[in-house]
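In the text below, chain A, chain B and the rest are named by the order of the sequence lines, each starting its count at 1.
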Amino acid sequence: MTDDPRHRIAARAARELRPGEVVNLGIGIPNLIPRYLDADAEIFVHTENGLLGVGPPPDEDALDEDLIDAAKRPVTALPGAAYFDSAQSFAMIRGGHVDTAVLGALQVSERGDIANWAVPGKDVLGVGGAMDLVVGARRVIVTMTARSSDGEPKVVDRCTYPLTAPAAVDTIVTELCVFRRVEGRLCLTELLDGASVTDVEAATTARFDVVLATQSA
Amino acid sequence: MTDDPRHRIAARAARELRPGEVVNLGIGIPNLIPRYLDADAEIFVHTENGLLGVGPPPDEDALDEDLIDAAKRPVTALPGAAYFDSAQSFAMIRGGHVDTAVLGALQVSERGDIANWAVPGKDVLGVGGAMDLVVGARRVIVTMTARSSDGEPKVVDRCTYPLTAPAAVDTIVTELCVFRRVEGRLCLTELLDGASVTDVEAATTARFDVVLATQSA
Amino acid sequence: MGTDGTMTALALTSAEEAVAHVNSGDTVMVGGFGLVGAPLGLIDALVEHSDATDLTIVSNNIGEPGRGLGKLLRQGRIRRGISSYFTSNPEAVAAVNAGEIEATLLPQGTFAEAIRAGGAGIGGFLTPVGAGTLLAEGKEQRMVGGVPHVLEPPLRADVALVYAARADRLGNLWYRHTARNFNPLMATAARVTIAEAGEILDVGELDPESIHTPHLYVDMLVERS
Amino acid sequence: MGTDGTMTALALTSAEEAVAHVNSGDTVMVGGFGLVGAPLGLIDALVEHSDATDLTIVSNNIGEPGRGLGKLLRQGRIRRGISSYFTSNPEAVAAVNAGEIEATLLPQGTFAEAIRAGGAGIGGFLTPVGAGTLLAEGKEQRMVGGVPHVLEPPLRADVALVYAARADRLGNLWYRHTARNFNPLMATAARVTIAEAGEILDVGELDPESIHTPHLYVDMLVERS
């Protein structure tokens, strides 16, 4: 296992995914997840620009300018893939046909509010598919470091950044722990890589229940 | 020219259609129109069950059970045809992409209200695509005999049957004449087959202007 | 991600097993324009092997007398129909008039759009179609750009029964000619979508540009017998 | 009906002639996700051969700096942008901040759905996306099934510029891979739709089951040079 917390988070988040699931992976840590999936994980990756069945990046000599993901990186299409237009793609998302969205965030609150598209005082000129994904996907997993680059907790009592959606997050994976929202309450369900409850408490302003059913492997 | 008024109406209505137009043809008289079109008329026939480019009926030995029109009759598809689902088909209609709908009616009023789906006191259990077509098509041509089988005028001052849509009809072709709605007024623009204005007046309760720019050929 | 191309295939199911997912009181969408594109094998299985009753059927027609959904109607298992054209089955009309089934009539384009909306997570839509007619009675109406519109709710179902000429083993579907009609819409709008396919191909055999229903919409796959 | 199969073909037009249909003050939809699937030849013609200014551009992005719509931006001919992601062109962000262009930001799914609604004659739709956020401010909201929804209006345009890998001479279009994106939607939602095609085939050469945009949506056809 790498020392890079981003990779540790991706590796843990990969274990959340179940065979047969349709998953949309956001930019950043979520995009590291495929390398931590077993070859037989049987996850179907959806990208909102119009492809179900995203495969690994192509070889340099097999680049196809018509085949990209929503991060505008070149990708491939696996056997059984399907292309569709943007209205159909977001119909899938908004209609609840994407099982899981994994995405990064600036802040997630104890009630599951998520802020991941805008910083106060800066331009709010790019939202892309973020709002559709957090509202539409059946399950929303946030992968992020516990603190911002400024050292501020990102799991918070109340979001101060503009919301992407209220009460939308199901699971949070940081380098310290896994939080799950259960019946409206934030629960610490797993400590990662030797972190303690005190470590988690120090890195959040959110209230949470401690429900450590399993320890980190 | 046949003596059957239905065929005479279809033949006159055929002359309303312009090359390149997308046309939806209803059941009854409208379905007689294709036989009165020139071979090079270049009309694209749309059927709301999901085909643009309807061709003539197939030979008996070339029947295809998956290829019907909205009247559930076997048809063929011309070169350049496209199939689509019902939501797309009605998006075409409602979105104003079908140039002309030609359909029958029970009554049309002087203000262009049309009643063609239900008779008072009888079941109103089948509407099909009639409402979508009269509201959505850019131009609505009604083809019908001037009187019902009971001898009642069908071009009326006010519809007594349940409406398919208010103020929707542009042109009416009967065996007696052509009416057009111009700036909200019903205008008699052409007499057919030797009919007189008096004949037309006798067969309608609608008020109309007489604007006989051209005589019937 | 299964980069070897062996993605999870749907287990093939018999029509009898598949329709066991229909429960009494369910809303069931059934594809087809009349009998063209109707999942006749699944309907027959529902007729012969299921006891589910008190059903709400969402289908453009209620079959024809003694054919397709007309069989289910004769069994008295339909409580309500949502359709654009009951008239194609005179027995359905008679059942409505006798008070045996409840009828909800929608313009065909509104019917199609409402199913699409149900599958697409749209909470309602404004259409000019039907405004000023009997079919708008009791519905919220508002002006849009000076034109009266009706606010229509989405349609969803517990189970959708659809027919496709071809499927692959993941559940991707391809429809043929005018047998497409309502099937791709209904496949998106139910909790459980059961597809009856004329031919079942290996994964990768359908052209990815031409798949009409991507597999994420399909839960069960039955081969037409 | 032309039963001999020789249906009216669209006259092939040069990109320069085609963009002459764009007038100052027009709303113009431009396909593409970033530059993928963007009608680059038509955009270049608009940049080089048209004086139309004061344009409202409906496009997922405003190109990239100096590329695609980014060229038109540098010419100061865009008055307003309706997009989901201005951020991909920092010059567009700067132009908004300098008050040179007006920005309307929509969630990408709402943006796509609004264009589809515009083409489909839908007067508005309710979506849960954006409810409770900055992007719902000033918009009508209502509860549907206990969930807050935003009422979104349709988007329409004077002209749509789209790119398709293949067209036939009637104007039927087929898109390739993820270059499809917003193109089929925009093709439906404008008064005049101009398609730039990579390859133009004879009528009948496109599979009728796989045509993504039927020809009735397309007004002008330009071959990519």
CG-CD1 distance between C/Leu126 and D/Ile122, expressed to the nearest 0.5 angstrom: 8.0 Å
Structural part of C/His212 lying under 4.5 Å from a heavy atom of chain D: side chain
Atom group of D/Ile211 that falls short of 4.5 Å from chain C, counting heavy atoms: neither
Most contacts with chain C, counted as non-hydrogen pairs under 4.5 angstrom, among D/Glu152, D/Arg176, D/Arg116: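 Option with the greatest count: D/Arg116.
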Salt-bridge contact D/Arg166-C/Glu209 (side-chain N to carboxylate O under 4.0 Å):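 No.
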Closest contact, heavy atoms only, D/Gly121 versus C/Pro128: O-CD, 3.5 Å
